[in-house]
Number of protein chains: 2
Amino acid sequence: MIARCEVDYAGRLTAHLGMATRLLMVKADGCVAVHADGGAYKPLNWMVAPNVLREEVVDGRLARWVVTSPKGETLTIAIEEVLSDTAHELGVDPGLVKDGVEAHLQELLAADPARIEAGMILVRREHPTDIGPVDLLCRDGGGGAVAIEIKRRGDIDGVEQLARYLERLVRDPHLRDVRGVLVAQRVKPQARVLAEARGIAWLEVDYDELRGLASADLRLF
Amino acid sequence: MIARCEVDYAGRLTAHLGMATRLLMVKADGCVAVHADGGAYKPLNWMVAPNVLREEVVDGRLARWVVTSPKGETLTIAIEEVLSDTAHELGVDPGLVKDGVEAHLQELLAADPARIEAGMILVRREHPTDIGPVDLLCRDGGGGAVAIEIKRRGDIDGVEQLARYLERLVRDPHLRDVRGVLVAQRVKPQARVLAEARGIAWLEVDYDELRGLASADLRLF
DNA sequence: TATTACATGTCGACC
DNA sequence: GGTCGACGTGTAATA
């Protein structure tokens, strides 16, 4: 529906939209989105499913939508004028098939840990700890254990995550001297500072280059 | 536009959507979104502005949209059948007014730090450290330094963030005895446990009450 | 432009 | 229900 409307949201915060022409989208699951003619895919206001949409009609004309969620949020859309109103059954969507990057990065590095550091050998992928699995557990040239966390973007969170794993791993007598390496396509400055403060190494890798090497390897054999 | 289509994205990852009926939205700024009839406000696929949309017509019928971004991403929409196609000028939106975000919480608490603890006085907002700014730096009734991290939701991350800041701040001779307080509208149980383990205090505040007090103050003067 | 932190983040997986 | 981790995160502000 295209309509001139005014919108108010009250819930986790309060928000107000002045009167203007906007696109109102209601999906089959009941979720509502208010879009302006710009600003990427995020709507100005929305309400996720499940919710209850109440339509208020005044003098035979649609005047207001009041959408309430079980969590106590309300989205109120005061409608001044409806410029267009269409409805379509879309049916069930076959769904999205993704081929992600982090998983692929991990595969490539697991296949050739020497890319991280010369002499590095893979011990185990997704090595479990009691707070979650470490991406890669390796041994370096000198036989020392190395825990590796792989991210597309190396952020401060990734450093903390790896630090938490290391804290657990050192309790294992076989891994007493384990050290950590954060590997990412890009390691942010703040993450570098924190990693160094925590005694964690970091490394930037080029995804295309890794993939190139991998396919070159494939061509060799 | 409502159309039966098949979608492929290649860029930061690759993704494929099988043939189905979907809603295609093109905004004035050129951004494109492919929506299914469910799944909240997030589109299945999209392309942000700026981009170039090329329309391919075969036998006088729309056959394909190819959207390319300057960053080398492409979104390809193969269109089998157009069920509906409408266009509207929405004009400029007056914009969204929000209230209740972290910035407001920080403003209110900065204006009256005694709400956190009796006798508390503000020293500085956004006090910088080399890993980021502390929301509020205060002095308590006894003259001791207090670093305050403000969050809408007090999560484990917030505790660690504050702990990192404290780690840095204690190096400053003026702040040797600095302590930390995590202030949030709601502090999660795990965050409470971790905060206490780290010697960090936590406090839940009510936004409406804070705002109420603030406006009461305004009325007084 | 790059860096940072916030977001009504959303979303899935797992417990 | 809560927590955790990933996201094509997006987005705005700031340096």
Base, sugar-phosphate, or nothing for B:L44, non-hydrogen atoms under 4.0 angstrom?
nothing

Using atom CD of A:E204 as one end and atom P of C:dA2 as the other, report the distance to the nearest whole Å.
13 Å

Applying side chain to side chain contact (heavy atoms under 4.5 Å, CB included) to A:Q106 and not counting sequence neighbours gives A:R125, A:E126, A:D135, A:L136, A:I150

Could you list the residues that satisfy side chain to side chain donor-acceptor pair (under 3.5 Å) with B:Q190, not counting sequence neighbours?
none

For the student: nearest non-hydrogen atoms of A:H35 and B:L90, plus distance:
O-CD2, 4.1 Å

Mind checking B:K151 for me? I need base, sugar-phosphate or nothing, with any heavy atom below 4.0 Å counting as a touch.
sugar-phosphate

A:R164 vs D:dG5: side-chain N/O to OP1/OP2 distance below 4.0 Å
yes

What are the atom names and distances for every N/O pair under 3.5 Å that joins the protein to nucleotides 11-15 of chain C?
from: C:dC11; atom 1: OP1; to: B:G39; atom 2: O; distance (Å): 3.1

Would you tell me if any nitrogen or oxygen in the side chain of A:Q161 comes within less than 4.0 Å of OP1 or OP2 on D:dA6?
yes

Touch class at under 4.0 angstrom, heavy-atom based, for A:E73 against every strand present
base

For a quick check of understanding: with a heavy-atom distance under 4.0 Å over all strands, which category does B:D155 fall into, base, sugar-phosphate or nothing?
nothing

Please report, rounded to the nearest Å, how far the C1' atom of D:dG5 is from the CD1 atom of A:I150.
15 Å

Salt bridge (charged side-chain N to carboxylate O under 4.0 Å, His left out) pairs, two or more places apart, involving residues 22-31 of chain B:
A:D93-B:R22

Would you classify A:G132 as touching base, sugar-phosphate or nothing, given that sugar-phosphate means primed atoms plus P, OP1 and OP2, and contacts are heavy atoms under 4.0 Å?
nothing

Where along residues 181-196 of chain A does a heavy atom fall under 4.0 Å from DNA chain C?
A:R186, A:K188, A:P189, A:Q190

Taking atom P of C:dA5 as reference, at what distance in whole Å does atom CG of B:L162 sit?
14 Å

Any residue meeting side chain to side chain donor-acceptor pair (under 3.5 Å) with A:E89, in chain and number order, not counting sequence neighbours
none

Correct closest heavy-atom pair for A:E55 and A:L62 would be CG-CD1, 3.4 Å

Distance-only check: which donor-acceptor pairs under 3.5 Å involve side-chain atoms of residues 37-53 of chain B, not counting sequence neighbours?
from: B:D37; atom 1: OD1; to: A:A28; atom 2: N; distance (Å): 2.6
from: B:N51; atom 1: ND2; to: B:G30; atom 2: O; distance (Å): 3.2
from: B:N51; atom 1: ND2; to: B:V48; atom 2: O; distance (Å): 3.0

Check the distance between D:dC4's P and A:I131's CD1 and give it to me in whole angstrom.
10 Å

I'd like to check B:R115 versus B:L210 (side-chain heavy atoms, cut-off strictly below 4.5 Å). Are they in contact?
yes

Identify the two heavy atoms, one from A:C138 and one from A:V123, that lie closest to each other, and give their separation to 0.1 Å.
C-CG2, 3.7 Å

Say you pick atom P in D:dG5 and the same atom in C:dT8; how far apart are they, in whole Å?
23 Å

Non-neighbouring partners of B:R192 that pass side chain to side chain donor-acceptor pair (under 3.5 Å), sequence neighbours left out:
B:E204

Atom CE of B:M47 and atom C1' of D:dG8 are separated, to the nearest Å, by 9 Å

Whole angstrom is fine here: how far is it from CG in B:D130 over to P in C:dT3?
16 Å

Check this for me: B:I121, atom CD1, are more than 12 non-hydrogen atoms of other residues, nucleotides or ligands nearer than 6.0 Å?
no

Using the C1' atom as the point on both nucleotides, what is the distance between C:dA7 and D:dC7, in whole Å?
13 Å

Show each protein N/O and nucleotides 12-15 of chain D N/O combination with a separation under 3.5 Å, one pair to a line.
none

Between C:dA7, D:dA6, D:dC4, which nucleotide gets closest to the side-chain atoms of A:E149?
D:dA6

What are the two closest non-hydrogen atoms of A:C5 and A:L24, and how far apart are they?
SG-CD2, 4.1 Å

Select base, sugar-phosphate, or nothing to describe what A:R153 touches, counting heavy atoms under 4.0 Å on all strands.
base

Closest approach to the side chain of B:W46, judged atom by atom: which nucleotide of D:dA6, C:dT8, D:dG10 is it?
D:dG10

d(CG, A:D8; P, C:dT8) in whole Å:
15 Å

Test of understanding: with ring pair (Phe, Tyr, Trp, His ring centres under 6.0 Å), list the residues that count as partners of A:H104, not counting sequence neighbours.
A:Y207

Side chain of A:N45 (C-beta onward), nearest among C:dT8, D:dG5, D:dG8
C:dT8

Contacts to DNA chain C from residues 9-28 of chain A, heavy-atom cutoff under 4.0 Å, which residues?
A:Y9, A:R12, A:L13

Between A:E6 and A:H16, is any pair of side-chain heavy atoms under 4.5 Å apart?
yes

Pairs meeting criterion salt bridge (charged side-chain N to carboxylate O under 4.0 Å, His left out) with involvement of residues 157-170 of chain A, two or more places apart
A:D130-A:R168, A:E160-A:R198, A:E160-B:R164, A:R164-B:E160

For A:R168 and D:dC4, give me the distance from atom CZ to atom P, rounded to whole Å.
11 Å

